[in-house]
Amino acid sequence: MPLLQVLRPTLPILIGASIMLTLSMGLRQSLGIFMQPLTHDIHLSVSDFTLALAVQNLAWGFLQPLAGAMTTRYGFRPIMIVGALMYIVGLILMATANGLVAIMIGAGVLIGTSLACTAAAIAMSVAARAVPATVRSTVLGIVSGAGSLGALLSAPIGQMLNEGFGWRIGLAGFVVMSVLMIPAAWYAGRVDAIPLPKPAADDIGDATAMTAAKTAFGNASFVVMTCAYLVCGMQLVFLTTHLPSYLAICGLDPMLSAQTLGMIGGFNVLGSLFFGWAGQRWNKLALLGGIYIFRSLALAWYFMLPATPASTLLFGAIMGFLWMGVGPLVAGAVAEMFGLRWQAMIQGLAFMSHQIGSFLGAYGGGVIYDQLGSYTVAWRIGVALGLAGGIIQVAFALIRPSQPPAPVLRTA
């Protein structure tokens, strides 16, 4: 049966989840554009701004399991709509900020909490529930790819407004774009009306949240995937936060940073589609490790050479292809190992590790730059850890393929 015919009944849900994801991730990935003018205007250091983004990543990561668990109790729609409203308020606080407190609350706490309710883990869980298992990985790749278009649009728009009218107007433009998350979340919330499939014998759908979490951390494949996920967050957030500053240091056109982030967003679509397709056919966890290895090699190549517009755009294309391809692979692996009922929560538990890495990438990169006046040590650390994590992930996935958990007895 053609894929479109299979998906037609759930297209509004998938489109809503894709738009919500593309806005929440695209706007967030483009905040680095405003770092230099914002910090100069309200007299903050680079490490102050990156601390706020690091708090954002920690809030996102540590609240993600809670948001996932709450969707099991209250449904996806109310959680996603509250998250969209928090995103709007967080951007308004940023646009009107005059000091560190407003930046910390807006960019850090509010947007971080919103991402736990609107970004990849929730959007992927919505998509996974809406479609049959036979096309799940492919559909997750499509949603992830559609969700990658946000950076392709928001980065150039934000940079044009920033250069033409100042950073406050640029952020005001982001506020307007973020309002579209509300109707997107409403349509995606139709997934609440779709019943969960009947639990299989090895499914943990009948377990409590605590039992589901214990089962996940008792699964060696999940633990290795979660630990390697830390490297993913560290590398990606280091780039989105510090690449605009690095290009400015190299004396390149400020618009190049927006073009590079847009290039990442565009090739993100291709990478997400490819890895969603590949995950339907090959070992998802081995593919994850391969992504980490090739990302690290690309980082080493780019930062070892003098930065030029051509090398920067090529680097953006390579990293974009390897960017959100992890989304359908992680979501698909979790669904295969543990079923759908607790997918959002268990995926959130893995994502906590990703966000600890994000904290280190954002704040650690800022501290290293403030102390040494260079990003050299930061990118070398990212390359070394990325290669180590990727090699361990591939080796473990091939030696010990993931298996579903042991049957869990129904609890009273």
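Note that the coordinates shown come from a computational prediction; the quantities given were computed from them, not determined experimentally. Position 1 is the first residue of the sequence, and the numbers go up from there.
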Legend entry - K284 (side chain) donor-acceptor with L329 (main chain) under 3.5 angstrom: no

Inset, instruction - Give a yes or no answer on whether the side chain of R295 reaches the backbone of M319 with a donor-acceptor pair at less than 3.5 Å. - result: no

Inset, instruction - For the residue pair L14 and V126, establish whether any side-chain heavy-atom pair is separated by less than 4.5 Å. - result: no

Inset, instruction - Under the side chain to side chain contact (heavy atoms under 4.5 Å, CB included) rule, what do L31 and M94 come out as? Steps first, then yes or no, please. - result: CA-CA 10 Å; L31 292 179; M94 282 190 72; 4.2 Å; yes

Inset, instruction - Check for a donor-acceptor pair, side chain of S114 on one end and backbone N or O of L110 on the other, with a separation under 3.5 Å. - result: no

Legend entry - Where G316 and T260 come nearest, the two heavy atoms and their spacing: CA-CG2, 4.0 Å

Inset, instruction - Give the intermediate values and the outcome of side chain to side chain contact (heavy atoms under 4.5 Å, CB included) for residues F275 and F321. - result: CA-CA 9 Å; F275 286 107; F321 188 79; 4.0 Å; yes

Inset, instruction - Could you please spell out the steps behind the side chain to side chain contact (heavy atoms under 4.5 Å, CB included) verdict for L288 and V326? - result: CA-CA 6 Å; L288 275 175; V326 300; 3.7 Å; yes

Legend entry - Donor-acceptor contact present, side-chain T22 to main-chain S18, <3.5 Å: no

Inset, instruction - Would you check if the distance from the ring center of F351 to the ring center of W60 is below 6.0 Å? - result: yes

Legend entry - Side chain Q64, main chain A116, donor-acceptor under 3.5 Å: yes

Inset, instruction - Please examine the side chains of S178 and L23, heavy atoms only from C-beta on, and report whether any two atoms are closer than 4.5 Å. - result: no

Legend entry - Under 3.5 Å: donor-acceptor pair, side chain of S353, backbone of T226: yes

Legend entry - CH2 (W186) with more than 12 external heavy atoms under 6.0 Å: no

Legend entry - Donor-acceptor side-chain pairing of S30 and S154 below 3.5 angstrom: yes

Inset, instruction - Using a 4.5 Å cut-off on heavy atoms from C-beta on, say whether the side chain of P37 contacts that of N162. - result: yes

Legend entry - Given I122, I81, I13, the one that forms side-chain contact (heavy atoms from CB on, under 4.5 Å) with F76: I122

Inset, instruction - Please name the pair of heavy atoms, one in A397 and one in A286, separated by the smallest distance, quoted to 0.1 Å. - result: CB-N, 3.5 Å

Inset, instruction - Looking only at non-hydrogen atoms, find the nearest pair between S221 and L285 and report the distance. - result: CB-CD1, 3.9 Å

Inset, instruction - Specify the closest pair of heavy atoms between S296 and G382, including all atoms of both residues, with the distance to one decimal. - result: OG-O, 4.3 Å

Legend entry - Non-hydrogen side-chain atoms of I356 and F62 separated by less than 4.5 Å: yes

Inset, instruction - Measure the shortest side-chain to side-chain distance between R28 and Q56 over non-hydrogen atoms and say whether it is less than 4.5 angstrom. - result: yes

Inset, instruction - Measure the shortest side-chain to side-chain distance between I293 and V394 over non-hydrogen atoms and say whether it is less than 4.5 angstrom. - result: yes

Inset, instruction - Drop me the distance from L66's CG to L349's CG, to the nearest 0.5 angstrom. - result: 11.0 Å

Legend entry - M86 vs C117 side-chain heavy atoms within contact, under 4.5 Å: no

Legend entry - Distance, nearest 0.5 Å, that separates CD1 of I182 from OH of Y187: 14.0 Å

Inset, instruction - Could you tell me whether the side chain of W167 reaches within less than 4.5 Å of the side chain of T39, counting heavy atoms only? - result: no

Inset, instruction - May I ask you to check whether F222 and Y229 place their ring centres under 6.0 Å from each other? - result: no

Legend entry - Polar contact flag, side-chain donor to acceptor under 3.5 angstrom, Y302-T312: yes

Legend entry - F274, CZ: over 12 other non-hydrogen atoms inside 6.0 angstrom: yes

Inset, instruction - Starting at CG of L230, measure out to CD of Q235 and round the result to the nearest 0.5 Å. - result: 10.0 Å

Legend entry - Interatomic spacing from CG in D192 to CE in M80 - rounded to 0.5 Å: 6.5 Å

Inset, instruction - Measure the spacing between CG of N268 and CE of M25 and express it to the nearest 0.5 Å. - result: 8.5 Å

Legend entry - Backbone N/O of S24 and side chain of Y87: donor-acceptor pair under 3.5 Å: yes

Legend entry - side-chain hydrogen bond (donor to acceptor under 3.5 Å, both in side chains) partners for Q393, two or more places apart: none

Legend entry - Flag if over 12 foreign heavy atoms under 6.0 Å of CZ, F315: yes

Inset, instruction - Considering non-hydrogen atoms only, spot the tightest contact between A130 and I194 and give its length. - result: CA-CD1, 4.0 Å

Inset, instruction - Before giving the answer on side chain to side chain contact (heavy atoms under 4.5 Å, CB included), spell out for H354 and C232 the whole-Å C-alpha distance, their side-chain angles and the decisive distance to 0.1 Å. - result: CA-CA 6 Å; H354 182 283; C232 175; 3.6 Å; yes

Inset, instruction - Check V175 against I88 and note the closest heavy-atom contact, atom names and distance. - result: CG1-CG2, 4.3 Å

Inset, instruction - Could you grab the distance from atom CG of L171 to atom CG of L93, nearest 0.5 Å is fine? - result: 11.0 Å

